[in-house]
Engineer: 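This is the structure I want to talk about, given as structure tokens.
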Amino acid sequence: MAAIERTLVLLKPDAVARGLTGRLVQRFEDVGLKIVGIKMKQMDADLTRRHYFDLEERFGKGVYDATATYMQQGPVVALLLEGVEAVANVRRMIGPTFPGQAAPGTIRGDFAHMSKAYAEATGKAIANLVHASGSVDEAKYESELWFGADEQFDYPGLAERYVF
Ligand SMILES: Nc1ncnc2c1ncn2[C@@H]1O[C@H](COP(=O)(O)OP(=O)(O)OP(=O)(O)O)[C@@H](O)[C@H]1O
């Protein structure tokens, strides 16, 4: 049976600074995903480490440090979104990690264009506007990291009223 899931989305500092918050939230609402948690937050070293706990192991200290600098350069907007297969659907809407490879119609393809080669040549993090949980397990971990139980909401009867 197809599952109704929750997934964690971060509008990264470049998205917030560029004034894209409203447009990006709108794209998620437009497809019928529901906001069940929302907040603005300045990430610190501890939260960055806990959020990207495996990034250094996967890509090395250089990528981790560049990403930490990028994620802490200004506030992020955290969203907890709910919907049918929300984890995979939101990843599909965002597009691949490197905006230079992201098709038009995806968030990264429509609002960014940085390539992997440019990031690696300059030592910058990939400025790709949005993070979204990569799996259901990751979504559970990240939801608990970002939102306390009293910050996650239910809409009574929501599932019955979904517009797909
Ligand atoms: N080769 C790289 N050079 C620069 N930055 C990188 C590189 N690989 C990853 N990053 C940064 O680390 C983040 C996490 O990488 P990951 O492979 O988890 O991609 P993702 O799942 O698409 O992104 P995110 O976790 O932010 O949603 C990327 O979004 C990017 O900002």
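FYI, side chains are in, hydrogens and waters are out, and symmetry mates aren't considered; it's all heavy atoms of this structure. Read the numbers this way: they start at 1 and go in the same order the structure lists the ligands and their atoms.
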Engineer: Are the side chains of Ile35 and Leu80 in contact, using a 4.5 Å heavy-atom criterion?
Structural biologist: no
Engineer: Which residue holds the protein heavy atom closest to atom 7 (C) of ligand 1, what is that atom called, and what is the gap in Å?
Structural biologist: Val63 CG1, 3.7 Å
Engineer: Would you mind reporting whether Val76 and Met40 have side-chain heavy atoms less than 4.5 Å apart?
Structural biologist: no
Engineer: Answer yes or no: does an N/O atom from Tyr70 fall short of 3.5 Å to an N/O atom of ligand 1?
Structural biologist: no
Engineer: Quick one: do the Glu85 and Asn89 side chains pair a donor with an acceptor below 3.5 Å?
Structural biologist: no
Engineer: Can you confirm, on distance only, whether ligand 1 has an N/O atom lying under 3.5 Å from any N/O atom belonging to Leu55?
Structural biologist: no
Engineer: Which pair of non-hydrogen atoms, one from Glu151 and one from Trp146, has the smallest distance, and what is that distance?
Structural biologist: OE1-O, 3.9 Å
Engineer: Could you tell me, atom by atom, which parts of ligand 1 come under 4.0 Å of a heavy atom of Tyr52?
Structural biologist: 14 (C), 24 (P), 25 (O), 26 (O)
Engineer: Suppose I only count heavy atoms of Ala125 and a 4.0 Å limit; which atoms of ligand 1 are within that range?
Structural biologist: 4 (C), 5 (N)
Engineer: If you measure only the distance, is there a donor-acceptor pair under 3.5 Å linking the side chains of Gln72 and Thr48?
Structural biologist: yes
Engineer: Just wondering, do Leu55 and Thr67 contact through their side chains at under 4.5 Å, heavy atoms?
Structural biologist: yes
Engineer: Return the residue, atom name and 0.1 Å-rounded distance of the protein heavy atom closest to atom 23 (O) of ligand 1.
Structural biologist: Arg108 NH2, 3.7 Å
Engineer: Determine, considering heavy atoms only, which of Thr97, Leu129, Val90 sits nearest to atom 19 (O) of ligand 1.
Structural biologist: Thr97
Engineer: Within a distance under 4.0 Å of any heavy atom of Glu120, pick out the atoms of ligand 1 and give their elements.
Structural biologist: 1 (N)
Engineer: Relative to the heavy atoms of Asn128, which atoms of ligand 1 are at a distance of less than 4.0 Å?
Structural biologist: 28 (C), 29 (O)
Engineer: Contact between ligand 1 and Ala132 is defined here as a heavy atom of the residue under 4.0 Å from a ligand atom; is it met?
Structural biologist: yes
Engineer: Using heavy atoms and a threshold below 4.0 Å, how should the contact between Lys124 and ligand 1 be classified: side chain, backbone, both, or neither?
Structural biologist: backbone
Engineer: Looking at Tyr70, does the NZ or CZ of Lys124 lie under 6.0 angstrom from its six-membered ring centre and within 45 degrees of the ring axis?
Structural biologist: no
Engineer: Cation over ring, Arg23 on Phe111, under 6.0 Å and within 45°?
Structural biologist: no
Engineer: So which protein heavy atom does atom 31 (O) of ligand 1 come closest to, and at what separation?
Structural biologist: Ile126 O, 3.1 Å
Engineer: Name the option, out of His131, Arg91, Arg58, that contains the heavy atom nearest to atom 21 (O) of ligand 1.
Structural biologist: Arg91
Engineer: Side-chain contact test, heavy atoms from C-beta onward, threshold under 4.5 Å: evaluate it for His131 versus Leu8 and give yes or no.
Structural biologist: yes
Engineer: Give the residue and atom name of whichever protein heavy atom lies nearest to atom 11 (C) of ligand 1, and the separation in Å to one decimal.
Structural biologist: Thr67 OG1, 3.3 Å
Engineer: Using a 4.5 Å cut-off on heavy atoms from C-beta on, say whether the side chain of Glu142 contacts that of His51.
Structural biologist: yes
Engineer: Relative to ligand 1, is Met71 under 4.0 angstrom through side chain, backbone, both or neither, heavy atoms considered?
Structural biologist: neither
